[in-house]
Amino acid sequence: LARALCCARQYEEATELLAELLGEGDVPGDVTQLFIRALHSRGDVAEAIRVAQGHVATHPDDHLVAGMLSLLHIDNDDLASARDWAEKALAGAPDNLDALLALGTSQLAAEDDEGADKTFDAALAVSGTNGRVWLGKALTKLLRLDLPGARGDFEQAVLYMPGHIGPWHGLAW
């Protein structure tokens, strides 16, 4: 039911159900990951970070949650922590989309357009329909003043994230 609620974007109800399952022995192994995603999706970044940090403290080889934690830190404006967690996640799972997004975003913030471009290309290879990846590619091109290229990538970002204001702002720029 919690999975279905997440698919229906009913994150508040999903997190209530998932919270009851945390720590139970006879549940799918990805309950914690689903709970963190639901918290993140409903905008409770601080709580998602708390849960993810608790999980990686006891499961240091969970590269999926480490990647999730890196992206959570991006959304919490903590670029240093985001980069650290992204590098940890990518060391064990080089195709971790969350970690690639976090690393690319931190590279972009540091104006490392070459590094960001390579990282976002790697993320596109993992998921060519991810709006955040296209937004990162667009911002990287904007940094380089490649306006026609940026416009095309902003259009892709809008296509895959029509409800998010960021790609629309970028396209307007």
Side-chain angles (χ1 to χ4, degrees), residues 3 5-11 14 30 33-34 36-49 52 56 62-173:
R3 283 181 206 289
L5 288 168
C6 284
C7 290
R9 299 178 187 252
Q10 295 178 14
Y11 303 113
D30 66 342
Q33 292 90 343
L34 189 60
I36 294 166
R37 289 248 190 255
L39 287 168
H40 190 188
S41 295
R42 78 175 200 191
D44 196 347
V45 175
E47 179 63 8
I49 288 172
V56 295
D62 191 335
H63 304 295
L64 179 64
V65 173
M68 294 166 79
L69 188 54
S70 69
L71 194 57
L72 286 162
H73 281 298
I74 287 291
D75 290 348
N76 201 41
D77 295 323
D78 183 350
L79 295 173
S81 293
R83 188 174 189 124
D84 288 346
W85 282 106
E87 289 171 352
K88 288 175 188 173
L90 292 169
D95 290 339
N96 184 307
L97 182 60
D98 290 333
L100 289 167
L101 278 166
L103 180 60
T105 302
S106 67
Q107 290 168 322
L108 185 59
E111 297 184 10
D112 175 7
D113 59 314
E114 231 176 87
D117 201 36
K118 288 177 185 174
T119 302
F120 288 128
D121 281 344
L124 276 179
V126 174
S127 177
T129 60
N130 185 290
R132 283 183 83 150
V133 176
W134 283 106
L135 180 58
K137 288 287 293 177
L139 291 170
T140 301
K141 288 180 180 167
L142 195 60
L143 181 63
R144 291 181 176 157
L145 301 178
D146 173 5
L147 300 184
R151 179 185 176 124
D153 290 350
F154 279 125
E155 289 171 349
Q156 289 296 109
V158 164
L159 176 69
Y160 297 119
M161 286 194 320
H164 190 279
I165 195 69
W168 289 104
H169 281 160
L171 187 55
W173 293 338

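Each residue takes its place number in the sequence, starting with 1. When reading the values below, keep in mind they use all heavy atoms of this one structure, side chains included, and skip hydrogens, waters and symmetry mates.
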Task: Residues that Arg37 engages under side-chain contact (heavy atoms from CB on, under 4.5 Å), provided they are two or more places apart - done: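 Arg37: side-chain contact (heavy atoms from CB on, under 4.5 Å) contacts with Leu64, Met68, Asp98.
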- [ ] Apply side-chain contact (heavy atoms from CB on, under 4.5 Å) to Asn130 and list each qualifying residue two or more places apart in sequence or on a separate chain.
- [x]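 Checked Asn130 against side-chain contact (heavy atoms from CB on, under 4.5 Å); matches are Leu97, Leu101, Ser127, Arg132, Val133.
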State, to 0.1 Å, how close [X] and [Y] come at their nearest heavy-atom pair, and which atoms those are.
X      : Y      : answer
Phe154 : Leu171 : CG-N, 3.7 Å
Leu159 : Pro162 : O-CD, 3.7 Å
Ala157 : Gly131 : CB-O, 3.7 Å
Ser106 : Ile74  : N-CD1, 4.2 Å
Trp168 : Val158 : CZ2-CG1, 3.2 Å
Met161 : Pro167 : CE-CG, 3.4 Å

Rounded to the nearest 0.5 Å, what separation is found between the [atom1] atom of [X] and the [atom2] atom of [Y]?
X      : Y      : atom1 : atom2 : answer
Leu135 : Thr140 : CG    : OG1   : 9.0 Å
Leu139 : Arg144 : CG    : CZ    : 12.5 Å
Gln10  : Arg42  : CD    : CZ    : 13.5 Å

TODO: For the pair Asp75 (side chain) and Val45 (backbone), establish whether a donor and an acceptor sit closer than 3.5 Å, ignoring hydrogens and angles.
DONE: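 A pair under 3.5 Å: no.
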Open item on the list: With a 3.5 Å distance limit and no angle check, can you tell me whether Ser41 reaches the backbone of Ala38 through a side-chain donor-acceptor pair?
Closed with: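 No, the answer is negative, given that no donor and acceptor are paired below the 3.5 Å cut-off.
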Task: Face-on cation placement of Lys137 at Trp134 ring, 6.0 Å and 45° thresholds - done: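 Output no; distance or angle outside limits.
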